[in-house]
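A quick write-up on the structure given underneath.
Below, chains carry the letters A, B, ... as their sequence lines are ordered, and counting in each starts from 1.
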Number of protein chains: 2
Amino acid sequence: MLPRGRPRALGAAGLLLLLLLLLTGFFLLGGYPECERREPGGRAGVPGCARCPLTPRVPLDGQLREAAAYDGDPPAGHGGHNRSACAPQPPLPPKCELLHVAIVCAGYNSSREVVTLVKSMLFYRKNPLHLHLVTDAMARNILGTLFRTWMVPAVVVSFYDAEELKPQISWIPNKHYSGLYGLMKLVLPGILPSSLTQVIVLDTDVTFASDIAELWALFAHFSGVILLRLDRLRQAGWEQMWKPIARRVLLTLPATSLADQDIFNAVIKEHPGLVQPLPCVWNVQLSDHTLAERCYSETADFKVIHWNSPKKLRVKNKHAEFFRNLYLTFLGYDGKLLRRELFGCPSQLPPGAEQLQGALAHLDEEDPCFEFRQQQLTVHRVHITFLPHEPPPPRPHDVTLVAQLSMDRLQMLEVLCRHWPGPMSLALYLTDAEAQQFLHFVEASPVLSARQDVAYHVVYREGPLYPVNQLRNVALAQALTPYVFLSDIDFLPAYSLYDYLRASIEQLEPGSRQKAALVVPAFETLHYRFSFPSSKAELLALLDAGLLYTFRHHEWPRGHVPTDYARWREARVPYRVQWAADYEPYVVVPRDCPRYDPRFVGFGWNKVAHIVELDAQEYELLVLPEAFTIHLPHAPSLDLSRFRASPAYRDCLQALKEEFHQDLSRHYGAAALKYLTALQQPQSPA
Amino acid sequence: MLPRGRPRALGAAGLLLLLLLLLTGFFLLGGYPECERREPGGRAGVPGCARCPLTPRVPLDGQLREAAAYDGDPPAGHGGHNRSACAPQPPLPPKCELLHVAIVCAGYNSSREVVTLVKSMLFYRKNPLHLHLVTDAMARNILGTLFRTWMVPAVVVSFYDAEELKPQISWIPNKHYSGLYGLMKLVLPGILPSSLTQVIVLDTDVTFASDIAELWALFAHFSGVILLRLDRLRQAGWEQMWKPIARRVLLTLPATSLADQDIFNAVIKEHPGLVQPLPCVWNVQLSDHTLAERCYSETADFKVIHWNSPKKLRVKNKHAEFFRNLYLTFLGYDGKLLRRELFGCPSQLPPGAEQLQGALAHLDEEDPCFEFRQQQLTVHRVHITFLPHEPPPPRPHDVTLVAQLSMDRLQMLEVLCRHWPGPMSLALYLTDAEAQQFLHFVEASPVLSARQDVAYHVVYREGPLYPVNQLRNVALAQALTPYVFLSDIDFLPAYSLYDYLRASIEQLEPGSRQKAALVVPAFETLHYRFSFPSSKAELLALLDAGLLYTFRHHEWPRGHVPTDYARWREARVPYRVQWAADYEPYVVVPRDCPRYDPRFVGFGWNKVAHIVELDAQEYELLVLPEAFTIHLPHAPSLDLSRFRASPAYRDCLQALKEEFHQDLSRHYGAAALKYLTALQQPQSPA
């Protein structure tokens, strides 16, 4: 009955791919397990086997009616006991055994979804994990950055290019919400390394409520059996098996509505011996009409929740609240707490972690700047393009507004979108829970939802000081246009600024041989409500009426004096200005400009140092005569309050400045002397 | 060898109190368990018993060297496997069996600590729980409020007065950091209900990493044995046993340094048969020199972490980071996610939960105010006096400043403390994680740490709208002086205001027959830095110079016009003003004033409605001639931004106002007509 095929389709020798499909909850074993045929009290090394634990306690989902029934011993009854004493359990895998997990993940939304799955898995896991991620380019970029910065010990991640798989499945029409990517599970055997003998395949919409090793144990328990079945599975030739069946199904069903599931079901129908049902607790399905309640009402021990409904969290299930809470637990869970090492296993530190630990260990706890240095060394988890994003088309003079913010500035986003119709790259400093609030905030805003050209990059909070320059660098690195406008979130640019900047860039070519930074003069209002000037003339009128000021006119004029506002009033063409100490204008520069110095965390000197660096690299400072941006009022930040309150904070900032200047001298030699001279002049710190 | 005593000391018939002491990890069983003497494969109902699971795999702490050695079968070896296949486990308790837990908790800090323990317990639990809390008055008040508002299904809480126990133990000198309360564990048998047959006794500084039912199972497993030993324990007469031994120990040890632990150890030394060692995974101790590593390096399955060092989280243990992450998980865990019902157990809803569910179910999802009504019905968890607090001495004219805030206003606290030297009651709207940040913020601030008369009440965030009036009501309810100054967090009172208000209260007696609300005129500055006027004369000069304004002079003058600022300039004595529509002054009133109307959530009309209520109850409005308070600038709140952006929000606020007026008419009859008339006049909404 089984068609014979070449074993090549299953990979090189030794490949035993166990597709554990949570969508329906079955094993692809290649036949019935033999365990139940053994004598109770069989081999000593596998004590759990004597009572096979895979007994389904409730009827499985209708889709699986063709799957092999399984008649192992029922668990010993204990009256009202739901969890039997020493219920037969398969042996858990050895302490440091590496467990393999494969996930297909494509696009911005699935990349977010998969993080919650991974968190729940990491929370309960006690084994090293190897994640095999089949991704498109977007997910590759997002998850690559995320895992690199997450630095979870004993987790290895491999990426596989989903593009390469498309030709193998694109001939199958489908209209399931998971799209073509759902079908990729069909061809996993062909791309995973041949050395892999078993793998757990997960959908992105599952949440673990238990240790994944218990699921893995369902393999281990059958380890002898699986080897036996491998032969049969090889004989069967999986690839040769599913394709003809799929073609036949498609004759009657023009587009699949369940993607891979339809095809698996069809294959199972023809080859019932291929599957082994999974205990229902491993696949508590939360569709509207699921039979899952029969399962979980009999046990308190559900292991995995599967949000397999397009409605996801909004599903109307009478116990959905319960499961939702577990899901929300991991949605908002602080991922940095999962950077836990596994005891007694060989060190499996992620790349860079060892150097980082060394650097942190070398810090002197008595150093007054200890907290600053610790913050600077902190590797924050970064989730780039947290929301769907349409990269701007390549245009030689296009410019991206770059800024960073935290939760307390969210209300700036809508109004900023109205002022800046061009691309933006924004870094948000958030907790995991805040990231979800942010998501809802954007979804609830028609203005923000309509803007696909704004990229939001979440940098997860860690440590007491605000890593302002690290945030700026994340936003800067993700800007995709040739030029960037380096702004701050509490500034609103002139309505015309985006167009004007592009015209100025075209005219001045600040990225050409003589690099230039185009200065956008900065102003401020003290009123929350004011009528934003629509032209330079209107702005000057407000300035003269005392309704606007030049930025930080009262508190810190040095920061912008070199812009020469008097000259700007009259200017009709761009004019060059000279760097001076503490100058911190808002500038437009080529995307490949110097990065911000991450040593400046919290309040103070973070932009000043960047402008010094531009000057040291001989960027010309050109003030644009029609450009302006206006600062809106807000309460002083907590960091600013700390700065004002604490002499130690100020002393430390001074020490960091001096180190910055030493580094400058090292890099730029005698040319950097002027910065040191400027620093030594008496000044109040910024 | 065992002294014979009266069984009375152990309570009435049937009392079997199992003191499961996590401090050292042993059972007080009353003798060796018999299990290991049974034949393997013994009684079918207790399959785990055949291989006794209590085998300590590592040497126990030195303190326990006197405890009974236990020589059950070692678990079957499986090479490198740390978790043996179907390792012998005691039977878990029946699905809906109620588990009893006793905790001694006194003071503000322990009341905070115990919450993290409870969260970790609730996270993993699958059984109903009964918490027996032995508390002082402070902890009783804090935890009573917390559990009432937490509304966790299937959790019952009973309180026992620690004061009553003190005489039984106060004769024992001790200098352990846990103080007298640590010793109370010695006398628990005497106060817990006689119907209680077993209880798990926990220190407040433990964190669960597993289901507490597994711990409970260590009782159940020995159920036969325990009944047997009960006789011996009764014969022993616990109270008669420990007291003489304690007295003897004290002859050589003038003050105990380990509190109850010293005494338990001394009793054990004389009666080694009393204890049964607990597997080390149930007490992973994190002192500096603990032997715990020997335990957890051999297993990945630790169950409970015990922070039994005065250094707590700062302990230098090479794996402390690992355990700290588990602790931090529950420290920052959103407690509302633990409001999970238990499947298949009889409903054990906490008081009020059923009515609440009913009310929520009756809300119309299509109602444009659905979100507002849902928010209004939300019961927020409340942790009153989150930090240590010294209640003000009773003084007849004292006044407490009452306000509420969220994280983005923390920086106001220090400056507010400088302006207001009197008692304050502040409600903070925070997530669980933010509450910890807040704690660190206060600890890091010398100004705030020095103020024991400021009470902070944490209201945990839930829902999309800011529950401003619920917050105000929490702060108001916790004010302990006869009068309250109802302020907002972004206002700074005149430096002299506290003294001036007390003098005015003494003079005007606003709590006497004719109730009065004393009006504190409100001003505003648009500058973050300004020199705060030290007198009314200085204030008037700033006003005339245009450096100060009357509050919301530009945006919403109606809110304060009735204060009659022109008259106030000249006033030397308090003067009466009349209520007018939209009036929302800052007032001093007796503590028993009307509560704020919780239907107003988010932005708008929350204070206005309160002043209406005062007027309806015929409070005289008396403006104080020397009082003033000044609003500092800040960015508009997210709620204000939503209000401005959303017509639905404004429409809904209008609907809520109308319902408020209907309620007013119902309460106050024709007298309330004037408010309705005022409402119907054209106005821009506040």
Original post:
Tell me, side chain or backbone of A:His440 under 4.5 Å from chain B's heavy atoms, or both, or neither?
Top reply: neither
Original post:
What distance do B:Leu338 atom CG and A:Thr329 atom OG1 have between them, rounded to the nearest 0.5 Å?
Top reply: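 Between atom CG of B:Leu338 and atom OG1 of A:Thr329 there are 7.0 Å.
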**OP:** Working to the nearest 0.5 Å, report the span between CE of A:Met407 and CG of B:Asp408.
**Re:** 11.0 Å
**OP:** Considering non-hydrogen atoms only, spot the tightest contact between B:Leu337 and A:Asn325 and give its length.
**Re:** O-ND2, 3.3 Å
Original post:
Using the ring of each side chain (for Trp, its six-membered ring), is B:Tyr124 parallel, tilted or perpendicular to A:Phe123, with breaks at 30° and 60°?
Top reply: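 B:Tyr124 and A:Phe123: parallel rings.
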